[in-house]
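What you see is a predicted model; the values in this text were computed from it and never measured. Each ligand, and each atom within it, is numbered from 1 in the order the structure gives. In this chain, numbering begins with 1 at the start of the sequence shown.
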Amino acid sequence: MGGVPSGRVHNLINVAAYSVLAGGVLLASAQNVVAVSPTQAVYFSLAYAAGTFLLSPDLDLAEGHVNSKRYWGVLGFLWAPYGMIFSHRGISHTWVVGPLTRLAYLAIMVGIGVGLISLVFPGVRLPTFPQTLNVAELWPALWPLLLGYYLSQWLHLMADGVRPDHGMRHSMRKIRKRF
Ligand SMILES: [Zn+2]
């Protein structure tokens, strides 16, 4: 026993860290040390919760039964290909690219879903993606989302004992093996 924390333990760690952080931010904003708008707090919290419960790095096990797949309910099977593509604790468990792989996978799934819906129900009007994205305009909403998501992911990796240079060492080992 021991070693890698289970999904339940990861959730507990993330919820505990969130409570401490939220308490700290509340205290700091009461003292006017930091200024966080209620909207930013909501964005951060939603992204943090999504990263903890719905987009956990352990979805790399989604070809089998894993806690983080369960939260998707009937849609859990959609993550099975992700589990097949990514080996457990490989690229999925790197600090920068790992969290991006799950966002990209999610975007592809949503794209396929939207495509299918408009194919089956041509009359349905689906919300469209804005034609122009102004990052400067989106930034006040974007940074709390990114911070919340990445923080939830990094806590998972820290609990797993994965170091920030995991990806690099992983690929260096591969390169060295080749020569
Ligand atoms: Zn893990």
Which atom pairs, donor and acceptor, lie under 3.5 Å between side-chain atoms of residues 31-42 and protein residues at least two apart or in another chain?
unit_1 : atom_1 : unit_2 : atom_2 : d
Ser37  : OG     : Gln40  : N      : 3.1
Gln40  : OE1    : Ser37  : N      : 3.2
Gln40  : NE2    : Pro140 : O      : 3.4

- line: Between Gln153 and Gly51 the two heavy atoms that sit nearest each other are NE2-O, 3.1 Å
- prompt: So, for Leu55 and Arg102, which heavy atoms are closest and what is the spacing to 0.1 Å?
  reply: O-NE, 3.0 Å
message: Just to verify, what does Thr52 make a side chain to side chain donor-acceptor pair (under 3.5 Å) with, not counting sequence neighbours?
response: Asn14
Run the side-chain donor-acceptor check on residues 105-113: report pairs under 3.5 Å with partners two or more places apart or on a different chain.
unit_1 : atom_1 : unit_2 : atom_2 : d
Tyr105 : OH     : Leu78  : O      : 2.5
Tyr105 : OH     : Tyr82  : N      : 3.4

- prompt: Can you list the protein N, O or S atoms less than 2.8 Å from the Zn ion (ligand 1)?
  reply: Asp58 OD1, His93 NE2, His156 NE2, Asp160 OD2
Ring centers of Tyr149, Tyr48 separated by less than 6.0 Å: no
